[in-house]
Amino acid sequence: MSDPNGPGALLTRIRVWLILFVVCLVLSGVTAFPLVTELRLLDQALDGWAAPVAEALPALAEWTHRVAAGIATAGSDSPYLLYGTDWLAFAHLVIAVAFYGAYRDPVRNIWIVEFGMIACVGIIPLALICGPIRDIPFWWSAVDMAFGVIGILPLLHVRRLIKRLEATADVAFPTTHRISPV
């Protein structure tokens, strides 16, 4: 029976959390590509089968309708504006790829996890500053800020696990040897 706190178990837990984080990051990114279609479908749903949600949250339904109309107009009249969201999606995917370094060697590449934590914190001032400039309702900025708060939680956990792995590796391998990546 293997030690649940041993280096192998810690490495496995780190990797599982990193995979979960990367999957969420990729999903968040790829959904920025089909914005026109997604918002049209969401707007239709709030007028149809999801009408109870629209009735319970009329501000959400109104905002969704406004954004769907704006994105549709931009897509038909000025499609080059949507190129910005393509770059947003690309940035998510590139950041997700960077986490492979932490997956491969978490102790050496802990900085990638810390970079992700900094990015999560950075969401908050971005939403608070740019939201009002772009006429985004505060409640929507709060939703955006929640991504930073939710995103940092697994990264904090992963960072703690990496620090534990580092301490275990230092005890198990007092020289410069580290746990080799799988």
Do you know the tightest heavy-atom contact between [X] and [Y]?
| X | Y | result |
| --- | --- | --- |
| G131 | S141 | CA-OG, 3.8 Å |
| L35 | T85 | CD1-CG2, 3.5 Å |
| R15 | Y103 | NE-O, 2.9 Å |
| A102 | I112 | N-CD1, 3.6 Å |
| A89 | A32 | CB-CB, 3.8 Å |
| P7 | T168 | CG-CG2, 3.2 Å |

**OP:** Determine, step by step, whether F33 and E38 satisfy the side-chain contact (heavy atoms from CB on, under 4.5 Å) criterion, reporting the C-alpha distance in whole Å, the side-chain angles of both residues, the deciding distance to 0.1 Å, and the verdict.
**Re:** CA-CA 9 Å; F33 285 119; E38 289 172 337; over 6 Å; no
Original post:
Is there side-chain contact between R164 and L161, with heavy atoms separated by less than 4.5 Å?
Top reply: yes
**OP:** Would you indicate whether the side-chain heavy atoms of V30 and L93 approach each other to under 4.5 Å?
**Re:** yes
Subject >> Aromatic plane relationship, F99 with F21 - under 30° parallel, 30 to 60° tilted, over 60° perpendicular >> reply: tilted
Once you round to the nearest 0.5 Å, how far does [atom1] of [X] lie from [atom2] of [Y]?
| X | Y | atom1 | atom2 | answer |
| --- | --- | --- | --- | --- |
| Y83 | L88 | OH | CG | 13.5 Å |
| L11 | L18 | CG | CG | 9.5 Å |
| W17 | R160 | CH2 | CZ | 10.5 Å |
| Y80 | D86 | OH | CG | 14.5 Å |
| L81 | T73 | CG | OG1 | 11.0 Å |
| L165 | T12 | CG | OG1 | 10.0 Å |

Membership question, hydrophobic clusters at under 4.5 Å side-chain separation (ILVMFWY): are [Y] and [X] in the same one?
| X | Y | value |
| --- | --- | --- |
| M145 | V149 | yes |
| L82 | F90 | no |
| W111 | V22 | yes |
| W140 | L39 | yes |
| L20 | L155 | yes |

Donor-acceptor contacts under 3.5 Å from residues 47-68 side chains, at least two apart:
| residue | atom | partner | partner atom | Å |
| --- | --- | --- | --- | --- |
| T64 | OG1 | L60 | O | 2.8 |
| H65 | ND1 | D43 | OD2 | 3.0 |

Original post:
With sequence neighbours left out, what residues match E114 under salt bridge (charged side-chain N to carboxylate O under 4.0 Å, His left out)?
Top reply: R159
Subject >> All side chain to side chain donor-acceptor pair (under 3.5 Å) counterparts of S28, not counting sequence neighbours >> reply: H92
Original post:
Does atom CH2 of W139 have more than 12 heavy-atom neighbours, drawn from other residues, nucleotides or ligands, at distances under 6.0 Å?
Top reply: yes
Original post:
Do the side chain of S76 and the main chain of A72 share a donor and acceptor less than 3.5 angstrom apart?
Top reply: yes
Original post:
Judged by atom type as modelled, is there a donor-acceptor pair below 3.5 Å linking the side chain of D105 to the main-chain atoms of R108?
Top reply: yes
